[in-house]
Each structure stands twice: as structure tokens, then as C-alpha cells.
Amino acid sequence: MPSPSGPAPSGRPPACPEEGAAAGAGPSAGAGPSTEAGTSADAGTPAGEVRADGYRAVFAVPEFRFVFAAHLLSSLGVVVCEIALSVLVYRLTASPLMSALTFALGLLPYVLGGTLLSAVADRCPARRVLVVCDVLCALAAAGMVLPGTPVAVLLVLRCVIAAIAPVFAGTRAATLGEILGGGELFVLGRSVIRIVNQSAQLAGFAAGGLLLAVVSPAAVLALTAGTFLGSALLLRLGTLARPARDGAPGGGRGALLGASLGGVRRLLADRRVRALLLLSWLPPAFVVVPEALLIPYADGLGVGPAGMGLLMCSMPVGAVAAESMAGSFLGPLARTRLTFPMGVFAVLPSLGFAAQPSLGWAVLLLVLTGTGISYNFGVDRWFVAAVPDALLGQAMTVMQAGRMTVMGSAMGLAGAAAEYAPLRIVMPGAGVVGAVCVLAVLREVRRTAPGRPAGTVRAAAGAVRDPAGPVRDPAGPVPGTEN
């Protein structure tokens with residue numbers, strides 16, 4: 001059991017305010033688990049800024065190391081499960097459609113779990129939610145291994161894992177605020193989680209392919225169940241037991257479904273939160289369009305399986321490289337300044353597919369697309385500052401569920417569009433539409449910044465400058481959240 005590394009009480013420390021690209025320089029307060037530093041009036045930079053240590057400061061927190069190891073196990077388990085189940089379903093049905101459906105079912109149930117079960121993340125103690133989610137996923141994976149399991153049951157079990165995923169991800173994200181604090185360490189912790197997600201795609205596909213070459217899909221699924229159980233054990237033994245963030249008595253909180261839908265309505269009614277949710281959803285939705293069409297594009301190039309694999313790996317490689325470099329070599333101010341330009345840049349490389357690039361140029365375009373993930377540093381900081389403590393877990397669940405849902409929908413629409421238009425039009429077309437949409441959302445994020453009439457933010461004591469807006473005094477009235 002690790003020594004306590006963060007505040008055990010419910011709730012999170014005040015979010016560390018930042019300066020950013022849109023507003024120019026201003027004061028900022030850095031906050032780690034044990035810092036509530038003021039700012040340097042002379043330099044205008046955070047006195048508690050976590051820069052020299054970077055990711056080392058995050059891994060210095062013992063509790064986070066357990067969360068990291070658990071997430072690594074469960075992420076690999078999910079990726080390997082998708083591959084093994086797809087192969088198993090294809091062998092049972094000889095149907096490419098049914099095999100592809102197993103991948104689609106990894107995205108579509110997100111909206112159900114993220115909407116109908118989102119209140120779980122705040123109504124129940126976080127460690128209990130995380131452990132139970134892992135155990136349920138392990139049971140679902142074990143059910144896939146049973147001999148004679150009908151294909152329909154296999155797909156239902158895949159839906160169960162997918163519906164649980166946003167609740168798990170939202171609860172874990174909110175827990176990071178309690179383990180690491182609400183400031184720079186939280187932002188870096190979220191960055192580590194994204195790096196694991198992208199790396200798991202690369203390692204998971206490679207490991208799944210190697211395993212399937214020597215053992216049966218059922219054996220791989222059994223191993224997947226083991227990864228979920230290992231994650232549950234790490235979280236149970238390595239994290240502190242904290243009370244639920246929603247401290248209302250059980251009898252006064254209403255039914256789970258009503259609380260989940262009510263919380264979602266509260267979040268979406270807040271103009272600032274709504275703008276930040278859209279900012280977290282839209283760039284990925286347009287980024288996945290070229291990724292979803294890589295197989296037919298590779299076929300058109302005639303590059304074979306090796307070239308197709310290189311194309312599929314390019315975007316995660318760019319994402320891991322950009323995320324790691326930004327987190328290691330840039331300070332909080334510089335990372336936050338990346339939010340607006342990188343949010344737009346992420347959708348622009350797909351314009352290059354209008355020239356029908358060769359394999360090498362296509363790989364470069366996809367790597368550049370992956371670097372756009374660095375825009376999330378600022379989004380995470382602003383979002384955790386805008387959401388009330390009691391809804392943090394639910395807000396993170398909705399963010400994750402919405403992102404996966406719009407990505408899945410965009411993949412489907414891209415495939416449908418490619419049935420009627422050539423790829424050299426569909427792929428760059430996504431870049432054009434994406435740039436327009438992202439610019440519109442960025443304008444809304446700026447307009448709803450703290451200090452503007454429609455903005456809302458939760459901040460530490462003292463005057464605060466939000467990255468997208470002017471200074472306001474937190475002691476004064478909080479701006480309204482009207483539509």
C-alpha cells in the first residue's frame with residue numbers, strides 16, 4: 001500500500017489557472033499536490049510551475065504509479081480483446097461484416113454508458129467504481145472464452161465492456177484531480193494517460209498479432225480477462241479510499257438514471273462547459289476521417305500489408321511524440337498557448353490528400369495529424385476549472401463518451417461519403433469542414449472565458465487570468481451559465 005500522496009478528502013484542490021495564447025501574458029498560480037504558490041510579480045510566471053521535473057514530478061507520486069500501471073494493463077487488454085474477438089467472430093461466421101461490427105461495437109455503446117451511467121462516477125467512492133468496472137470487464141472477457149458461446153452473446157459482451165469504459169475513464173480522470181491536485185500535475189497526469197492510450201494501440205496490435213499466431217483467440221481473450229483483474233488488483237491495493245464527490249445522502253440523490261440525465265443537462269446548460277466539450281470532441285472527429293479511410297487508400301496505392309501497417313501506425317506515433325515532447329520540454333504557459341493553434345492544425349494535414357500523395361508523403365501527413373493531440377493540455381486545464389467539484393467525475397465521463405461517439409459517427413459518415421466520392425475529395429473535405437467547425441468552437445471558447453458575461457469558472461483565490469479571456473476577481477459573483 002503506498003503512502004498517501006494526495007489529499008484524501010473528497011473534492012479537488014483549486015484548479016491552477018493559466019495564461020494562454022489568446023490573451024497574452026498574465027499572472028498564474030501553479031499548484032501540485034503540496035503547493036499553492038503565488039506568482040512572481042516581476043516575471044509574471046508561476047512560482048510553483050512544474051517544468052524542470054515534467055513527467056518525473058508526476059511519477060514521483062506513488063499513488064499515480066499504481067494508476068499508470070493499472071491503465072497500461074487495461075488499455076492493452078482492450079486492444080488485444082478487440083483483435084482476438086474480431087478474429088474469433090470471423091472464424092465462427094466467415095463474415096467480414098460481422099468481424100468489422102465487433103470493432104464498431106467498441107465505440108457505439110459509449111454514448112449509452114456515458115449518458116445513463118455517468119452519475120456513478122460521483123455518487124460512489126472512486127476506488128470502488130474503478131475496481132468494480134475492471135472486474136465486470138474481466139467477467140465479460142471470461143464469458144467470451146466459454147465454449148459454444150453464440151456470436152450474438154459475444155457481441156453483447158463486447159457492448160458491456162464498451163458501455164463500462166466511459167464510466168471507468170471519467171472516474172479515473174476525476175480521481176487524478178484528487179491524487180495529483182487540480183493544477184499542473186493534473187494536466188501532466190492526463191497527458192500520461194493519453195500517451196498510454198496511443199502507445200497501447202501500437203503495442204496492443206503488435207502483441208495481439210503475435211499471440212494469435214501461436215495461440216487461439218479464446219486463449220488471448222482469457223489473457224485479456226487477466227489484464228483486467230490485474231488492473232483491479234493494482235487499483236485496490238495502490239490507491240486510497242476516498243468518499244464520493246457527491247456528498248448528498250443516498251436517499252436524497254434520486255435514481256441513478258435521473259441523476260445521470262440531470263447531471264448531463266446541467267453540464268450542457270453551462271455555455272462555458274458546453275464550448276469546452278465541443279472543443280474536446282470536434283478535432284478528433286475530423287482527425288479520424290483519413291484514418292478511417294486508410295485501408296482503401298493503401299489499396300489504391302498498391303502498397304500491400306506492410307505499407308498498410310505503416311500508415312495505420314503513423315498517427316499514433318505522431319501523437320506520442322508530440323505529447324511526450326510538449327510535456328517534457330515546455331512549461332505550462334507554452335503548452336496552454338498551443339491549444340488554439342494546434343486544435344486547428346490537427347485537421348489541416350488531411351488537405352494534403354487532395355494531391356493523392358505517395359506512401360512516404362501520406363505517412364508524413366498522418367504523423368503531422370497526430371501531433372495535434374497536444375491541444376488537449378489547455379482543454380484539460382480549462383475544463384477542470386469550469387466544472388463544479390460534485391460533477392467532475394460525471395463531466396469527465398461525458399467528455400470521454402462524447403469524444404468516442406463522435407469519432408465513431410465520423411468514421412461511419414466518412415465511409416458512407418467514400419461510397420459516392422473519391423478519396424481525394426472526401427479526405428481533404430474533412431479538413432476543410434473541420435477547420436471551419438473548430439474555428440467556430442474556438443471563438444465560442446474565447447467568448448465564454450471567465451470575466452465575459454456568459455463565462456463561468458472555478459478558480460483559486462486571488463485575481464485570475466484564464467487562457468482565453470481577461471482577468472476577473474474570484475471573490476466577486478460567478479458569471480451566469482445561461483444559454
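We number each residue from 1, following the sequence as shown.
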inquiry  = Looking only at the side chains, is there a donor atom on one of Ser191 and Tyr55 sitting less than 3.5 Å from an acceptor on the other?
reply    = yes
task = With rounding to the nearest 0.5 Å, note down the distance linking CG in Leu234 to OG in Ser74.
result = 9.5 Å
inquiry  = Using the rule given for side-chain contact (heavy atoms from CB on, under 4.5 Å), can you reason through Leu130 versus Arg127, listing the C-alpha separation, both sets of side-chain angles and the distance that settles it, and then say yes or no?
reply    = CA-CA 5 Å; Leu130 295 175; Arg127 186 175 70 177; 5.8 Å; no
inquiry  = For the residue pair Glu63 / Thr239, report whether a side-chain donor-acceptor contact shorter than 3.5 Å exists.
reply    = no
remark   = Taken to the nearest 0.5 Å, the spacing of Phe186 CZ from Thr175 OG1 works out to 10.0 Å
request  = Check Thr339 against Gly378 and note the closest heavy-atom contact, atom names and distance.
outcome  = OG1-CA, 3.1 Å
request  = Considering non-hydrogen atoms only, spot the tightest contact between Ser75 and Val196 and give its length.
outcome  = OG-CG1, 4.0 Å
query = Ignoring hydrogens and geometry, is there a side-chain-to-backbone donor-acceptor pair from Gln394 to Val120 under 3.5 Å?
reply = no
request  = List the steps and the verdict of side-chain contact (heavy atoms from CB on, under 4.5 Å) for Thr371 and Phe345.
outcome  = CA-CA 9 Å; Thr371 63; Phe345 176 78; 3.5 Å; yes
inquiry  = Is the shortest side-chain heavy-atom distance between Leu176 and Ile193 below 4.5 Å?
reply    = yes
query = Looking at Asp134 and Arg172, does any basic side-chain N land under 4.0 Å from a carboxylate oxygen?
reply = no
query = Is there a side-chain contact between Met404 and Pro284, using heavy atoms and a 4.5 Å cut-off?
reply = no
request  = Might you work through the salt bridge (Lys or Arg N to Asp or Glu O under 4.0 Å) test for Asp380 and Arg194, ending with a clear yes or no?
outcome  = CA-CA 12 Å; Asp380 283 343; Arg194 287 193 296 271; 2.6 Å; yes
Separation of Arg403 CZ from Leu282 CG (nearest 0.5 Å) = 11.0 Å
ask   = Does the ring of Phe66 carry Arg236 above it, NZ/CZ under 6.0 angstrom from centre and within 45° of its axis?
value = no
query = Stepwise, does the side-chain contact (heavy atoms from CB on, under 4.5 Å) test hold for Ile179 with Leu185?
reply = CA-CA 9 Å; Ile179 294 174; Leu185 287 183; over 6 Å; no
ask   = For the atom pair CD1 (Ile164) and SG (Cys137), what is the distance rounded to the nearest 0.5 Å?
value = 4.0 Å
inquiry  = Any heavy-atom pair between the side chains of Val288 and Glu291 that's under 4.5 Å?
reply    = yes
task = Return yes when atom CZ of Arg266 has more than 12 non-hydrogen atoms of other residues, nucleotides or ligands closer than 6.0 Å, and no otherwise.
result = no
key: Residue from Leu338, Val344, Leu279 passing side chain to side chain contact (heavy atoms under 4.5 Å, CB included) with Tyr375   = Leu279
key: Close side-chain approach of Phe168 to Leu235, heavy-atom, < 4.5 Å   = yes
request  = Pick out which of Arg190, Met342, Glu323 makes a side chain to side chain contact (heavy atoms under 4.5 Å, CB included) with Phe377.
outcome  = Glu323
message = I'd like to know if the side chain of Trp281 and the backbone of Met399 have a donor-acceptor N/O pair within less than 3.5 Å.
response = yes
task = Give the minimum heavy-atom separation between Leu348 and Ala435, together with the two atoms involved.
result = CD2-CB, 4.1 Å
ask   = Hey, does Arg158 have a side-chain heavy atom less than 4.5 Å from the side chain of Leu154?
value = no
key: Shortest non-hydrogen separation from Asn376 to Ile373 and the atoms involved   = ND2-O, 2.9 Å
ask   = So with a 6.0 Å cut-off around CZ of Arg128, is the heavy-atom count from everything else above 12?
value = no
request  = For residues His71 and Asn197, determine if any side-chain heavy atom of one lies less than 4.5 Å from a side-chain heavy atom of the other.
outcome  = yes
ask   = Could you state the interatomic distance from CG (Leu76) to OG1 (Thr224), rounded to the nearest 0.5 Å?
value = 9.5 Å
remark   = For Ala401 and Pro166, the nearest pair of non-hydrogen atoms, with its separation, is CB-CB, 3.9 Å
key: Polar side-chain atom of Ser231 near backbone of Thr227 as donor-acceptor pair, under 3.5 Å   = no
message = Within the structure provided, determine whether Phe286 and Val433 are in side-chain contact (heavy-atom separation under 4.5 Å).
response = yes
key: salt_bridge(Glu444, Arg271) N-O dist < 4.0 Å   = yes
query = Can you check whether Ser350 reaches Pro428 side chain to side chain, under 4.5 Å on heavy atoms?
reply = no
inquiry  = side-chain contact (heavy atoms from CB on, under 4.5 Å) for Phe383 and Arg272? Distances and angles first, verdict last.
reply    = CA-CA 9 Å; Phe383 191 71; Arg272 173 69 171 171; over 6 Å; no
key: Under 3.5 Å donor-acceptor, Ser86 side chain and Ile83 backbone   = no
request  = Kindly compute the distance separating CE (Met396) from CG (Leu391), expressed to the nearest 0.5 Å.
outcome  = 12.0 Å
query = What's the shortest heavy-atom distance between Asp122 and Asp389, and which atoms?
reply = OD1-O, 4.5 Å
